[in-house]
Amino acid sequence: MPELPEVETVRRGLAPILENTRIAKACAHAPKLRVDIPKDFNQRLSGALVTRLTRRSKYILMECEDGLVAILHLGMSGRITIHTAGSEHPARAKHDHITLLTENGDLVVFNDARRFGLLVFSSVSEIDQHALIKDIGPEPLGNGFNSAHLAAGLAKRKSPIKTSLLDQKLVAGLGNIYVCEALWRVGIAPTRLANTLSAEEIEALVPIIRTILEEAIAAGGSTLKDYAQVSGELGYFQHSFKAYGREGEPCIAKGCQATIERIVQSNRSTFYCPNCQK
DNA sequence: CGGCCAACCTGTGCGC
DNA sequence: TGCGCACAGGTTGGCC
């Protein structure tokens, strides 16, 4: 789930709870996720004033007044749940690894069954040079992501376009689902080698990637409106994908009679329409 | 360096 | 009901 739109949805859900708010008590309950949680996690965040929540690619950055930045990644199975002040705060559940209790009495819980997520510290001044951040490509919704950048990046790649778009150095934030969706919508076969795409195809791909991500963020936003009334769980909203997960089902493109197929590329499933995507 | 694979973990769903 | 296997939205270290 957590590709750029889901991470952005989580960030937007957390922002009103955490920004300009002091953390009363921070607790890390697991020694490590993908990497070690800082030993001084509880000490450094308990009492800290959160000034901003931002996002870079699939990382959520929690900035504190003293310049500390907590870098959070949800991995494959990471979830954030908010239990607002006044609601019952449940006992810690299996795989609840990190909890933040705010001065207002809101409780933020990070749960990650597979522990592919991570939380590490950096600082405002060093964040851009942090090993996890520095090589990431442009944000797909920003000006740095354009057909010139994409064309230059694809020209030197001999791997399939599907695999190339998953490379975070080329463009930030795309994952398996939205790459499949973008290639379906633009009509490009996932197996095409990156350096064989025409200028026109690249030109078409850029706005399609943007649109798909923006639509997904909007869909997440629409579920955010009532998250507090429902479950408090952020980031796992219902989606109707056009290609992803639809193996054996009919392609829904107008006039297309073909069936969505699944192949494996670089050990990841790819879903595509063999008729629409050339 | 580019490209590919295995590995990191646990949970779920399916066929038998 | 239980067992074994395939597979899951991400990233990276190691190997050609």
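Every heavy atom of this structure was used, including side-chain atoms; hydrogens, water molecules and symmetry mates were not. Letters A, B, ... are given to chains in the order of the sequence lines, protein chains preceding strands, and every chain is numbered from 1.
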Identify the heavy atoms of A/Asn42 and A/Ala28 that sit nearest to each other, and give their distance. OD1-N, 2.9 Å

Would you name the heavy atoms of A/Arg210 and A/Gly142 that are closest together and state the gap between them? NH2-O, 3.3 Å

With rounding to whole Å, what would you report as the distance between C/dT12 and B/dG11 at their C1' atoms? 23 Å

Rounded off to whole Å, could you give me the CG-to-P distance for the A/Leu132 and C/dG13 pair? 10 Å

In whole angstroms, how far is the C1' atom of C/dT12 from the CE atom of A/Met76? 13 Å

For the residue pair A/Phe121 and A/Phe41, categorise the inter-ring angle as parallel (less than 30°), tilted (30 to 60°) or perpendicular (more than 60°). parallel

I need the minimum non-hydrogen distance between A/Pro274 and A/Glu261, along with the two atoms involved. CG-OE2, 3.6 Å

Counting just side-chain N and O atoms, does A/Arg268 come under 4.0 Å of either OP1 or OP2 of C/dA8? no

Which nucleotide wins on minimum distance to the side chain of A/His73, given the candidates B/dG11, C/dT12, C/dT11? C/dT11

Base-paired stretches in DNA chain B with three or more consecutive Watson-Crick or G-U pairs, both distances under 3.5 Å, amount to B:2-8 with C:10-16, B:10-16 with C:2-8

Look at the side-chain N and O atoms of A/Lys94 and state whether any lies under 4.0 Å from the OP1 or OP2 oxygen of B/dG11. yes

Which atom of A/His89 lies closest to which atom of A/Thr84, heavy atoms considered: NE2-O, 3.4 Å

Within the side chain of A/Arg246, is there an N or O that forms a donor-acceptor pair under 3.5 Å with the backbone of A/Cys251? no

Taking B/dG11, C/dA8, C/dG10 as options, the one with an atom nearest any side-chain atom of A/Phe116 is C/dG10

Does C/dT11 have OP1 or OP2 under 4.0 Å away from a side-chain N or O of A/Lys58? yes

Comparing A/Val264 with A/Gly75, nearest DNA chain C nucleotide closer to 5' gives the residue A/Val264

So A/Arg157, base contact, sugar-phosphate only, or nothing? Heavy-atom distance under 4.0 Å. sugar-phosphate

Nearest-Å distance for atom pair CG/P, residues A/Leu33 and C/dT11: 15 Å

Side-chain donor or acceptor of A/Gln277 paired with backbone N/O of A/Leu183 under 3.5 Å: yes

Quick one: which of C/dT11, B/dC9, B/dG3 gets closest to the side chain of A/Arg114? B/dC9

Has the side chain of A/Glu181 got a donor or acceptor atom that lies under 3.5 Å from a matching backbone atom of A/Ala243? yes

Sticking with atom P, work out how far C/dC7 lies from B/dC5, rounded to a whole angstrom. 15 Å

Exactly one of A/Gln265, A/Lys162, A/Glu3 clears side chain to side chain donor-acceptor pair (under 3.5 Å) with A/Asn176, and that residue is A/Lys162

So, does A/Glu103 use its side chain to make a donor-acceptor pair with the main chain of A/Arg22 at under 3.5 Å? yes

Between A/Phe241, A/Tyr178, A/Tyr244, A/Trp184, which is the residue that forms a ring pair (Phe, Tyr, Trp, His ring centres under 6.0 Å) with A/Phe271? A/Tyr244

Keeping A/Asn195 on the side-chain end and A/Leu154 on the backbone end, is there a donor-acceptor pair under 3.5 Å? no

Residue A/Ser269, side-chain atoms from C-beta onward, closest of B/dT10, C/dT11, C/dA8: C/dA8

Write down the distance between CG (A/Leu165) and P (C/dT11), rounded to a whole number of angstrom. 14 Å

Between residues 179-187 of chain A and DNA chain B, which residues have a heavy-atom gap below 4.0 Å? none

Out of B/dT10, C/dT11, C/dG10, which has the shortest distance to the side chain of A/Gln168? C/dT11

Using atom names, set out every protein N or O paired with an N or O of nucleotides 4-7 of chain B below 3.5 Å, distance rounded to 0.1 Å.
| from | atom 1 | to | atom 2 | distance (Å) |
| --- | --- | --- | --- | --- |
| B/dA6 | N7 | A/Asn267 | ND2 | 3.4 |

Classify A/Leu74 by what it touches in the nucleic acid, base, sugar-phosphate, or nothing, heavy-atom distance under 4.0 Å. nothing

Counting distance only, does the side-chain N/O of A/Arg55 pair as donor-acceptor with the main-chain N or O of A/Ser57 below 3.5 Å? yes

Closest non-hydrogen contact found for A/Ile23 with A/Leu45 is CB-O, 3.4 Å

Just how far, in rounded Å, is P of C/dG10 from CG of A/Leu118? 14 Å

Measure from NZ on A/Lys162 to C1' on C/dG10 and round the result to the nearest Å. 12 Å

Separation of B/dC8 atom P from A/Asp36 atom CG, nearest Å, is 16 Å

Which nucleotide in the set C/dG10, B/dG11, C/dT11 lies at the smallest distance from any side-chain heavy atom of A/Tyr59? C/dT11

Distance, rounded to the nearest Å, where A/Asp167 contributes CG and C/dG10 contributes C1': 13 Å

Does A/Arg34 make a side-chain N or O approach to OP1 or OP2 of C/dT12 shorter than 4.0 Å? yes

Respond yes when some side-chain nitrogen or oxygen of A/His95 is under 4.0 Å from OP1 or OP2 of B/dC9, and no when none is. no

Select base, sugar-phosphate, or nothing to describe what A/Lys169 touches, counting heavy atoms under 4.0 Å on all strands. nothing

